[in-house]
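Let me begin by presenting the structure, written as structure tokens, before commenting on it.
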Amino acid sequence: MSKVAITVEGLTKKYGKTTVVKGVDFTVERGEVFGILGPNGAGKTTTLEMIEALRPIDGGEVVLEGINVAKHPNKVKEIIGVQLQSSGFYDNLTLRELLIMFAGLYNQSAHPDELLAEVNLEEKAKAQVKELSGGQKQRFSVASALVNKPKVLFLDEPTTGLDPQARRNLWELVQSIKKKGITVVMTTHYMEEAELLCDRIAIMDEGEIIALDTPDKLIKNLLKKGFKKTKEVKQADLEDVFIDLTGKDLRE
Amino acid sequence: MKDMKQVLSMATAFTKRYFRDKVALFFTFLFPLIFLLIFGTIFSGGDGPNFDVALINNSQSEFSSNFVENLGGSDVFTIDEDAADRESAEEKLGRGELDAILVMPESFGEVSEAGTPSGELEVFYDQGDEQLSATLQAVLDSVFSSINSELVGQQPEPFTVNAQPIQTSDLSRLDYTVSGLIGFSILSLGIFSMSEGFTGDKKAGALRRMRVSPIKTWQLIVATGINRVFVGIIAVALQIAVALLFFDFTIRGDIISLSLFTILSTTCLFGFGMAIAGWARDANQAAPLSNLVSFPMMFLSGVFFPVFLMPEWLQAITRFIPLTPVVDGLRFIMAEGQTIFDLGPQLAVIGAWTVIIYFIAFKVFRWE
């Protein structure tokens, strides 16, 4: 078997006359954490949602683990896990009950407590989503995306809006998921997060990929062009101060 | 099989959360019961007719005082003691507080030479109320014919009428009320619970999350439908239980027919709620459309006004409104003892609507 998890070729999305994703090409290798960066409106989420079989593909082709997404959307959905940027959960159900239901959607036996332990929420099994903090909610969202033991996990801005402690906690979670051999495709606005987590990064702007490489190479390429930071680089920044003062422990 | 397992896991979760939703519980279970208790109390005046009358006795005979006592003791007549004279009685009749004035003239009950009392009772009623007067006259006729036959009891009567009731369709107002209210509760469960609840789930992004998984639109529709039909059966059973407990209400039909018919009715009416809430992006779109669909149904299907009071052209239309066969069918089973096999016309209309509305619901469904 090849080591490619996802092949994207000429992927295009049009809304009326405007083309929001303009023939994007890239491949994601098995077991890597692949980051898609870019300013708001660059087409990151649309690209992800086409790969996830949530949005019709207007042009091009996506093959995920050997399955053509446009032709077999439900087969793709069986083997991927998705954490959406703007989704919610049914109210009046506990975390455990939600996970049992989600497992049922994949015709899989549920192991809600194991999953909750994996994301450090075992004590919240009987709580409802509305009782969770922002970070807990994101972790639960990841847990629910793992319910079908996916081959590829998609995370769309998983740390947006989280405090520094909760963000670090989610980084650890992503790293532990990677260790299990699950391919991760994620978007983020935080560069240090991308640098730390991603094996390779695609930078998107106005519907196109304008750079694609490992974080190190991207930085080296920039330096080769003679780039210099305008400010002297300090040995620590304000976030280091914040973490030093308040500790890494989660506040929730 | 695999598809149905997915549906069941959703239906189970939906039902769990339905029973934890206090607002939904109130409107599904308690609200119809309050309705039932209010209207049931208003309309449960016993099965037979009841007349409020003034009785003016101008006779001194023994027979007449006996007659007054017996009439007052019967269930059929309620004698208004305040309207003792002609003037005040007529005033009350004019205001609609009385149905009729019965006057016994001076000679009423005087014993004739033959040894039996005789007389003529005068009955005054409002000119406009012909239906009532006909019923009243029939009742009084039967009262007097039984008195007459007792008085001349010994001799065989030369001519008698042997009146036998056939398949009594003596539907009381309570029968109409209960089947109407149950139909109404199914309608509000099917349509209003959806326009609020389902669009709320859309707004919360819960449906977006569901869509990530390999389920199809029809599976979500069926799972939600199973949940609502299940809830509907319980709601209907509860209303019938209250009607049986608190009012003089009996079910003449069989429970299996009633349950089956309830399931089919809820399935049909839920389709309307599903089509609306499935199409609507939010509650602001769903609420007015729900009203637009359900208000004509409520007023034209005989839930609140008897259909026979409507002009004929309207009655013709009324038969094809989906709530009409639901209310009729419920009444035919509960009050007239019919089975599900007797309800061909009703089931045909319900079935046709079910096919049409689920087709639309599937076509217009939007996940967000």
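Basis for what follows: all heavy atoms, side chains included, without hydrogens, waters or symmetry-related copies. Worth saying up front: this structure is predicted, and the values here are computed from it rather than measured. Protein chains get the first letters and strands the later ones, always in sequence-line order, with residue 1 at the start of each.
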Using non-hydrogen atoms and a limit below 4.5 Å, what part of residues 211-221 of chain B faces chain A?
B:Arg211, B:Val212, B:Ser213, B:Pro214, B:Ile215, B:Lys216, B:Leu220
Minimal heavy-atom distance between B:Ile340 and B:Leu347, with the atoms involved, is O-CD1, 3.6 Å
Would you confirm whether A:Lys22, through its side chain, and A:Thr12, through its main-chain N or O, come within 3.5 Å as a donor-acceptor pair?
no
Could you go through the side-chain contact (heavy atoms from CB on, under 4.5 Å) check for A:Leu155 and A:Val185 one step at a time?
CA-CA 6 Å; A:Leu155 305 172; A:Val185 179; over 6 Å; no
Given the rule in the side-chain contact (heavy atoms from CB on, under 4.5 Å) test, do B:Leu269 and B:Trp353 qualify, once you have shown the distances and angles that lead to the verdict?
CA-CA 9 Å; B:Leu269 292 176; B:Trp353 273 114; over 6 Å; no
Answer yes or no: is there a donor N or O on one side and an acceptor on the other, between the side chain of A:Arg55 and the main chain of A:Thr46, under 3.5 Å?
no
Please find the pair of heavy atoms, one from A:Pro56 and one from A:Lys13, that lie closest to each other, and give the distance.
O-NZ, 2.9 Å
Examine whether an atom of A:Leu105 lies under 4.5 Å from a heavy atom of chain B, and if so say whether it belongs to the side chain, the backbone or both; otherwise answer neither.
both
Of all the residues in residues 12-31 of chain B, which have a heavy atom that comes within less than 4.5 Å of a heavy atom in chain A?
B:Ala13, B:Phe14, B:Lys16, B:Arg17, B:Arg20, B:Asp21
Identify which of A:Ser87, A:Ala145, A:Ser141 forms the greatest number of heavy-atom pairs closer than 4.5 Å to chain B.
A:Ser87
Looking at A:Lys77, A:Glu78, A:Gln83, which makes the most heavy-atom pairs under 4.5 Å with chain B?
A:Lys77
In the structure I gave you, are the side-chain heavy atoms of B:Leu207 and A:Tyr90 within less than 4.5 Å of one another anywhere?
yes
With side chains defined as the heavy atoms from C-beta onward, is the minimum distance between B:Lys202 and B:Trp367 less than 4.5 Å?
no
Is B:Ser259 close to B:Ile255 at the side-chain level, that is, under 4.5 Å between some pair of heavy atoms?
yes
Determine whether B:Met334 and B:Leu258 make a side-chain contact, defined as any pair of heavy atoms from C-beta on separated by less than 4.5 Å.
yes
When A:Lys180, A:Arg139, A:His111 are each screened for side chain to side chain donor-acceptor pair (under 3.5 Å) with A:Glu118, the one that passes is A:Lys180
Taking C-beta and beyond as the side chain, do A:Val147 and A:Gln108 meet within less than 4.5 Å on heavy atoms?
no
Would you say that A:Val129 contacts A:Lys137 through its side chain, given a criterion of any heavy-atom pair below 4.5 Å between the two side chains?
yes
Segment of A:Asn148 engaging chain B (4.5 angstrom heavy-atom cut-off)
neither
Less than 4.5 Å apart, any side-chain heavy atom of B:Thr267 and any of B:Tyr358?
yes
Per-residue contacts, residues 95-104 of chain A versus chain B, heavy atoms under 4.5 Å
A:Glu97, A:Met101, A:Phe102, A:Gly104
Evaluate the side-chain contact (heavy atoms from CB on, under 4.5 Å) criterion for residues B:Gln239 and B:Leu33: first the C-alpha distance (whole Å), next the side-chain angles of each, then the deciding distance (0.1 Å), finally the verdict.
CA-CA 6 Å; B:Gln239 288 175 73; B:Leu33 291 186; 3.8 Å; yes
With a cut-off of under 6.0 Å to the ring centre and 45° to the axis, is B:Arg209 in cation-pi contact with A:Phe89?
no
Please output the residues of residues 289-296 of chain B in contact with chain A, using a heavy-atom cutoff of under 4.5 Å, in numerical order.
none
